[in-house]
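Keep in mind that what you see is a predicted model, and the values were worked out from it rather than measured.
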Amino acid sequence: MNLRQRAARYARTRWRVLVRLGAWSLLEAGQTFLAGYALARALDAGFLAGNVRTGLLWLGAAGAAVVVGAVGTGRVYGVVAALVEPVRDRLVTGVVRRGVREADPGALSGLTQQVEIARDTLAGLVLVSRSFLFTAAGALIGLFSLNPLLLAVVLPPLLAGVALFAATLRPLARRQEAFLAADEALAEDLGAVGPGLRDITATGAEARVAESLGRRVDAELRTARSLARWSPARVAALALGGEVPVLLLLVAAPWLLRRGVTPGALLGALAYVGQSLYPALQNLVHGLGTSGARLTVVLRRLIPAGETSHAPAPEASPAAVARPERETPALALSGLRFAYGPASEPVLHGLDLTLPPGTHLAVVGPSGTGKSTLTALVAGLLTPDAGTLHVHGHPAPDATALRTLIPQEAYVHGGTLAENLTLHRPGPVPEDELLAAADAVGLTPLLTSLGGPDARVDPAALSAGERQLVALARAYLSPAPLALLDEATCHLDAEAEERAERAFAARPGGTLVVVAHRMSSARRADLVLVLDGARTVCGTHAELLASSPLYRDLMGDWAEAPDTRVG
């Protein structure tokens, strides 16, 4: 459903509000009508006829109309709020759904900037469009009432100006969309660079990052200049529709007077054009030309094509999610290379790895060998310098719905526990499934102490381990088949860590990659990846004990511990 159809459907549901808007706007049309008509009658029937009292009465009527019109305009603002605020609420709901549940990277910009742009510009668009329509109607009716010849002089250039302006709207919207895309890309890069300035400096990546940001700045500058080039067209439309009529009235004044147009009617026509039509057209051009184009672009970005606002999302569960064919590797790395800067040693050196679906992989290695870097690459948070990375056959940047990352510092928000646990689910989750997930990862004691799934959560009151349990249950409920645990159990004791890892390893159709906090995680895994630069190796626990000195050193006292690997 396109934006025009959505707008029409929304208008049908809010027809009472639109009727109220039109009713109060009629007062503004009446004010506009009397502004020129009363002036003409005051001059023709009053002052020029020697009747000062009549002239003053007509001027008083015009002044009273201004007061009444101001009352109507004040009421209009309240009606516009009733029309616009529900739109904002729907947009916020849609952005949160995609951003939190579908990991949409544009969600932060959507909430903090684009939704507010949509709300403000929609309100401005309604106000200026309504004002132009009712002001133009009042002025054109007034011109016809004074003398149809006046309407014949004013109407053609006015229509030509409006038509020229309308012709610029589509190309203006395209350039506005390009500008917003460039601005969003620059903001995203800056958001990534800011927190990592220390690492950028430490790895000597300043020149590389500066070059990348420079390209983003140049791209935004080009789109801004392209957008600015359409300003002359808007100025021409405004001059044609608002200033040319005044010139025509002045040039044609002798001809009009010879054909029965009175001096008062001519003065009233000039008032209609100069005090009503021109300001209304000016507001329309500046409001609709800039804000209207921006609103169209923002709504297209906030409401993706094909999304429906009322259709319920289908239920899903980790066991029932449609997944790729079994023969497609859950994770496939080929020649993967990554370094933090052109002058830095690579953290990953041509890494090759293939994991069948259902595999439990533990990633171990000394500090700084790239364990968290590997999970960031698989999660799409970093881009490799060389090589390929596929998740269930999809390139990593396109595999958002196929993976879920649980970082060391878990995120919990201030809603209910159920809302926290179902952030990654597109539809309602049955309570028994919530309880089963909580039990699987060891969250049940916390869930019980809080008061159940519908209890509200105070993130600050939870310990780091409790927040990790919430994040683990959330990821367990996620439909994504690949789970990445980047030291996601570091605040749990060994028993709780083992329970959580076993739960993820047993998820039907699920694949688990664990950056091990304790070496006992490696003993439970099907395969162990030992990161050691160019000497990286992968194998089973037993194979690595026999072949990898580094792995034996890392295991240390764990080598004699009983084998608790899932069997």
Side-chain angles (χ1 to χ4, degrees), residues 96-105 107-108 313 315-321 375 378-381 391 399-492 496-497 499-515 517:
V96 170
R97 181 181 297 114
R98 291 193 308 277
V100 177
R101 295 182 179 177
E102 301 174 19
D104 181 1
L108 180 60
E315 292 187 8
S317 68
V321 174
T375 58
V378 176
L381 302 177
V391 177
T400 301
L402 298 173
R403 65 188 172 227
T404 180
L405 171 66
I406 309 96
Q408 180 176 345
E409 297 302 324
Y411 168 71
V412 177
H413 67 78
T416 66
L417 185 57
E419 289 170 343
N420 271 281
L421 297 181
T422 58
L423 287 178
H424 299 324
R425 289 289 286 272
V429 178
E431 184 170 325
D432 58 349
E433 190 178 342
L434 283 178
L435 296 177
D439 182 65
V441 302
L443 181 66
T444 300
L446 176 61
L447 183 147
T448 303
S449 67
L450 290 175
D454 295 327
R456 299 199 68 82
V457 177
D458 179 6
L462 299 180
S463 68
E466 289 171 337
R467 290 196 295 271
Q468 285 189 333
L469 287 173
V470 172
L472 287 166
R474 176 194 303 150
Y476 186 87
L477 284 166
S478 166
L482 174 61
L484 307 169
L485 276 62
D486 185 5
E487 297 199 22
T489 58
C490 63
H491 297 297
L492 303 179
E497 178 183 70
R499 178 173 184 167
E501 288 182 8
R502 287 183 180 277
F504 275 94
R507 273 204 319 168
T511 303
L512 176 62
V513 175
V514 179
V515 173
H517 174 63

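- A donor-acceptor distance shorter than 3.5 angstrom exists from the side chain of Gln468 to the backbone of Gln408, with no hydrogens or angles considered.
- Between atom CD of residue Glu431 and atom CG of residue Asp454 there is a gap of 6.5 Å, rounded to the nearest 0.5 Å.
- Closest approach of Ala461 to Glu466, counting heavy atoms only: O-OE1, 4.3 Å.
- Taking the side chain as every heavy atom from C-beta outward, Thr422 and Leu434 approach each other to under 4.5 Å.
- Under the 3.5 Å distance criterion, the side-chain polar atoms of Arg403 are matched with a main-chain donor or acceptor of Ala379.
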- Task: Before giving the answer on side-chain contact (heavy atoms from CB on, under 4.5 Å), spell out for Val378 and Val513 the whole-Å C-alpha distance, their side-chain angles and the decisive distance to 0.1 Å.
- Result: CA-CA 10 Å; Val378 176; Val513 175; over 6 Å; no
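- Summarising the geometry, atom CG belonging to Leu485 is positioned 4.0 Å from atom CD1 belonging to Ile406; distances are rounded to the nearest 0.5 Å.
- Pairing each heavy atom of Gly465 with each of Leu492, the nearest pair is O-CD2, 3.5 Å.
- Scanning both residues, Leu423 and Arg474, for their nearest heavy atoms gives CD1-NE, 3.6 Å.
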Pairs under 3.5 angstrom only: tabulate donor-acceptor contacts from the side chains of residues 440-448 to other protein residues two or more places apart or in another chain.
from, atom 1, to, atom 2, distance (Å)
Thr444, OG1, Asp439, N, 3.3
Thr448, OG1, Thr444, O, 3.0

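- Within the 4.5 Å cutoff, the side chain of Leu462 has heavy atoms near those of the Val412 side chain.
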- Item | Derivation of the side-chain contact (heavy atoms from CB on, under 4.5 Å) call for Val514 and Thr489 | CA-CA 10 Å; Val514 179; Thr489 58; 5.9 Å; no
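- Looking only at side-chain heavy atoms (C-beta outward), Pro453 and Leu435 come within less than 4.5 Å of each other.
- With a 4.5 Å cut-off on side-chain heavy atoms, His491 and Glu409 count as touching.
- One distance of note links CG of Leu484 with CZ of Phe504; it measures 10.5 Å at 0.5 Å rounding.
- No donor-acceptor distance shorter than 3.5 angstrom exists from the side chain of Glu433 to the backbone of Pro430, with no hydrogens or angles considered.
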- What's the verdict on side-chain contact (heavy atoms from CB on, under 4.5 Å) for Leu477 and His424, showing C-alpha distance, side-chain angles and the deciding distance? CA-CA 8 Å; Leu477 284 166; His424 299 324; over 6 Å; no
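- Taking the side chain as every heavy atom from C-beta outward, Leu405 and Leu381 approach each other to under 4.5 Å.
- Scanning all heavy atoms of the two residues, the minimum distance from Ala437 to Tyr476 falls at CB-CD2, 3.6 Å.
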